[in-house]
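Since the structure comes first, as structure tokens, the remarks are kept for the end.
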Amino acid sequence: MEIRKNNRAFISDTLIPVYVGETMEEIEKRVILHNLAACNGNQRKTAQIIGIGERTLREKLKKYREEK
């Protein structure tokens, strides 16, 4: 399902929680991973939706894999 809001396309109306005390890095990671899942792993579409470049997305995903 794609929803339009303020001329931006949204895949769904699912909210991602942000908790007091979280770092921006933690929030960014959650936003990226939730959007990637909503896009069924499509990195190009994910990068487009969240407004970053594909290379930046790939670098962040690589960093997340290394953190595990």
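- Annotation: side-chain hydrogen bond (donor to acceptor under 3.5 Å, both in side chains) contacts of Glu54 (sequence neighbours excluded): Arg44.
- Each of Val31 and Leu15 belongs to its own hydrophobic cluster when Ile, Leu, Val, Met, Phe, Trp and Tyr are linked at side-chain heavy-atom distances under 4.5 angstrom.
- Applying the side-chain hydrogen bond (donor to acceptor under 3.5 Å, both in side chains) criterion to Thr56, with sequence neighbours excluded, gives no partner residue.
- No continuous path of hydrophobic side-chain contacts links Ile16 to Tyr19 [ILVMFWY only; heavy atoms under 4.5 Å].
- Sequence neighbours left out, the pairs with a member in residues 25-39 that pass salt bridge (Lys or Arg N to Asp or Glu O under 4.0 Å) are Glu22-Arg30, Glu25-Lys63, Glu28-Lys60, Lys29-Glu67.
- Among residues two or more places apart in sequence or in another chain, the side chain to side chain contact (heavy atoms under 4.5 Å, CB included) test is passed with Leu57 by Ile32, Gln43, Thr46, Ala47, Ile52, Leu61.
- When the side-chain hydrogen bond (donor to acceptor under 3.5 Å, both in side chains) test is applied to Glu59, no partner is found at least two apart in sequence or on another chain.
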